[in-house]
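Down below is the structure, laid out as structure tokens.
Computation of the quantities below employed the complete heavy-atom set of this structure, encompassing side-chain atoms and omitting hydrogens, waters and symmetry-equivalent molecules. Reminder, nothing fancy here: chain letters follow the sequence lines and each chain counts from 1.
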2 protein chains.
Amino acid sequence: MASIKDVAVEAGVSVATVSRVLNGHPSVSPGARARVLAAVEALGYRPNAVARSLRTDQTRTLGLVISDVMNPYFTELARSVEEEARALGYSVIIGNADERPDLQDHHVTTLLDRRIDGLLVSPTDGGSPRMLEAARAGTPMVFVDRWIPGVDVPVVRSDGRGAVRDLVAHLYRLGHRRLAIIAGPAATTTGRERVDAFREALAEYGLPLPDDRIGQGDFQAESGRRVTEGFLDLPEPPDVVFAADNLMALGALDAVRARGLRVPEDIALAAFDDIRWFVHTDPPVTAIAQPTGDLGRAAVRALVDRIEGRTGESVTLPARLVVRRSCGESPSGTAHPPSPSPVRRSTP
Amino acid sequence: MASIKDVAVEAGVSVATVSRVLNGHPSVSPGARARVLAAVEALGYRPNAVARSLRTDQTRTLGLVISDVMNPYFTELARSVEEEARALGYSVIIGNADERPDLQDHHVTTLLDRRIDGLLVSPTDGGSPRMLEAARAGTPMVFVDRWIPGVDVPVVRSDGRGAVRDLVAHLYRLGHRRLAIIAGPAATTTGRERVDAFREALAEYGLPLPDDRIGQGDFQAESGRRVTEGFLDLPEPPDVVFAADNLMALGALDAVRARGLRVPEDIALAAFDDIRWFVHTDPPVTAIAQPTGDLGRAAVRALVDRIEGRTGESVTLPARLVVRRSCGESPSGTAHPPSPSPVRRSTP
DNA sequence: CCTCCTCGTGGAATCGATTACACGGAGGAT
DNA sequence: ATCCTCCGTGTAATCGATTCCACGAGGAGG
């Protein structure tokens, strides 16, 4: 592959001049510029990004470590991240942690070894050593969706409190009183937060949330199935199961179906994270939708701000309730979220 | 960040010795080795992959250019590719082309600029200039799923002919006679092949496939909706719609539902590419399943073979029919594919 | 006419690794 | 005792870019 030296020879100038032309420096004569451009064209020359990175100490590359590529929520996030990064002149390297801390560490290490300019992370568990180290060492970093408390890194996430409250109101109005939740891993912030928000909302309606109606999942479909089976085995099974992510909701659907029960007649179902497929499931699933695309874009902007010396602040965007059929038909027949007041947070 | 020079100073040896220890060269005394390792530990040193790549002219990185990340088929492929690559000591950089030739070219260029060791491509259209150029220039390359005829590059794909024949047999047995297909872009091999296979299978049963029952889609949901609406507007709408990928099937489902029609009672539906969500849609969708994981792994092995100087052959794996409810209930009540003979290709 | 800038250009150092080559010392063979 | 090997180690070239510095030419100003 042709190098800058070949171009210099072909154009009859020095490598310095070639480099200046390529980087748009002002002090190059029109004649030299033309000859260099012609040589570049003739040789099909493309600058070696590896060499350039070594010299300039920047790769114009962002690392994105997500918890699970097979989760539509994260692929949508990844897509918007790549889009915004591209618009800003950066590439993105995605690392899939598969909800495994060791894999997350592997990817963080690899990414750091490649000297990416900044890191976007949705941490799988409380804190993998390499990541904390990188954060402390001052690697530009931003957390998306999930974060690690006590680490001084901007967080771009969405706040589901309002939407969860709307959901509980919706369920209450439909007559459901025994509510259960499939929680995410306690080590993740989203795992804890969603349970907390749910519990608080229940408290507002004077509804209890006993321990046997809090199932421990791991954000994967299989755990949703297992937990739901536990719920169904209870002496008094719940009226509703709320899954803290879309994959566990899928598992729950499986478990319910395996018993020959129907949603929502026998048991209702709701999920955190809205995805296209929920429109097409049987029945369509009521879910809490995050503004995923906005989240990804905001995260990239915050990270690039940090990289380029600007501040790069945390961002919190509201989630909203999307009512479908999986919790039962709205008595009024309308499908609007039943927020008592027109709170901006939950309904536009 | 600490460099090899710092480690050398700390350990009281030369950089050459440090490098030798790090690369497991035999001629290093145990004492020196111990001191180097201690220094590495003390400084938290990690080799700079950029510098190493510049010198050795290899990045131990594979590029993967896929047509659409939001398509579960491709995310599963990406996942298995990354897994196998990791096992072989390579990293993967994913480029999402979004079915757009210009984006595909952008990613190929970026990947090549980064001097990836090899390229895995599922081309969006007949041939983007940069890619063809790279193939001609001898960049190790392997096509996955789709390919470009006439380009001398190994292809790892799955053959759906047998499964499509099984599907048509299944439909015939259920009494369907007016079959329609939503095709993929004619510029892609999978787009053409699936139509051809379908037409051939229909011919075996003496069924016609008039032009107005071949709709032109682009592998995206929206096109599936549009084409299906066209079908429903026909004086004699088809009994069955076969979508050449899962996203277009989703669009078809939307269109059918928007008219207040039911699947499979009013019109049956089948899809190429089986994904988890098809189990949960209303109704569950009959689909042709590719061995996606095997495809990804085989592609990586073929590519790494090429990179490391071995041959790296093309691979074709059979797809198989997965019968669900979207084409109607099997008269016999069983859910087995109706292959007349126990062909290995379609039923295990 | 001399001096001083400015402009375009090239030489060479540099980034952080790998590796060919040289060299000194220890040990074995004669 | 001498010579030859081998082993461990260091010096320096190298990969392909960027960029500081110096230099010569030409124009402006005194």
Report which part of the nucleic acid A/Ala49 touches: base, sugar-phosphate, or nothing (heavy-atom distance under 4.0 Å, all strands).
nothing
Tell me the closest heavy-atom pair linking A/Tyr45 and A/Leu22, and the distance in Å.
CE2-CD2, 3.5 Å
Given atom CZ of B/Arg33 and atom C1' of D/dT9, what is their separation to the nearest angstrom?
13 Å
Take B/Pro26 and A/Met1, find for each the nucleotide of DNA chain D with the closest heavy atom, and name the residue whose nucleotide sits nearer the 5' end.
B/Pro26
Can B/Val121 and B/Val144 be said to form a side chain to side chain contact (heavy atoms under 4.5 Å, CB included), step by step?
CA-CA 6 Å; B/Val121 189; B/Val144 224; over 6 Å; no
Separation of C/dA17 P from B/Asp6 CG (nearest whole Å):
9 Å
Is the shortest side-chain N/O distance from A/Ser29 to OP1 or OP2 of C/dT9 below 4.0 Å?
yes
Tell me which nucleotide among D/dG10, C/dC15, C/dA17 gets nearest to the side chain of B/Val13.
D/dG10
Judged by atom type as modelled, is there a donor-acceptor pair below 3.5 Å linking the side chain of B/Asp98 to the main-chain atoms of B/Arg100?
no
Polar side chain donor-acceptor pair, B/Thr124 to B/Glu99, under 3.5 angstrom:
no
Here the distance between atom P of C/dG16 and atom CZ of A/Arg115, to the nearest Å, is 9 Å
Exactly one candidate in A/Glu83, A/Glu82, A/Glu84 meets side chain to side chain donor-acceptor pair (under 3.5 Å) with A/Arg86; the answer is A/Glu82
Run the side-chain hydrogen bond (donor to acceptor under 3.5 Å, both in side chains) check on B/Thr61 and A/Arg114 step by step: do they pass?
CA-CA 11 Å; B/Thr61 300; A/Arg114 286 171 184 254; 2.5 Å; yes
Ranking D/dG10, D/dA17, C/dG8 by distance to the side chain of A/Asn48, first place goes to D/dA17
Any base atoms under 4.0 Å from A/Ser3, or only sugar-phosphate, or nothing? Heavy atoms, all strands.
sugar-phosphate
With sugar-phosphate taken as primed atoms, P, OP1 and OP2 and all else as base, the protein-contact string of nucleotides 18-28 of chain D at under 4.0 Å (heavy atoms; B, S, -) is BBB--------
Rounded to whole Å, the CG-P distance (A/Leu54 to D/dC15) equals 14 Å
Specify the separation, in whole Å, of atom NZ of B/Lys5 and atom C1' of D/dG10.
14 Å
Starting at CG of B/Leu43 and ending at P of C/dG16, how long is that distance when rounded to a whole Å?
14 Å
Decide whether A/Tyr73 and A/Asp145 meet the rule of one side-chain donor and one side-chain acceptor closer than 3.5 Å.
yes
Between CG of A/Asp57 and P of C/dA13 the distance, given in whole Å, is 21 Å
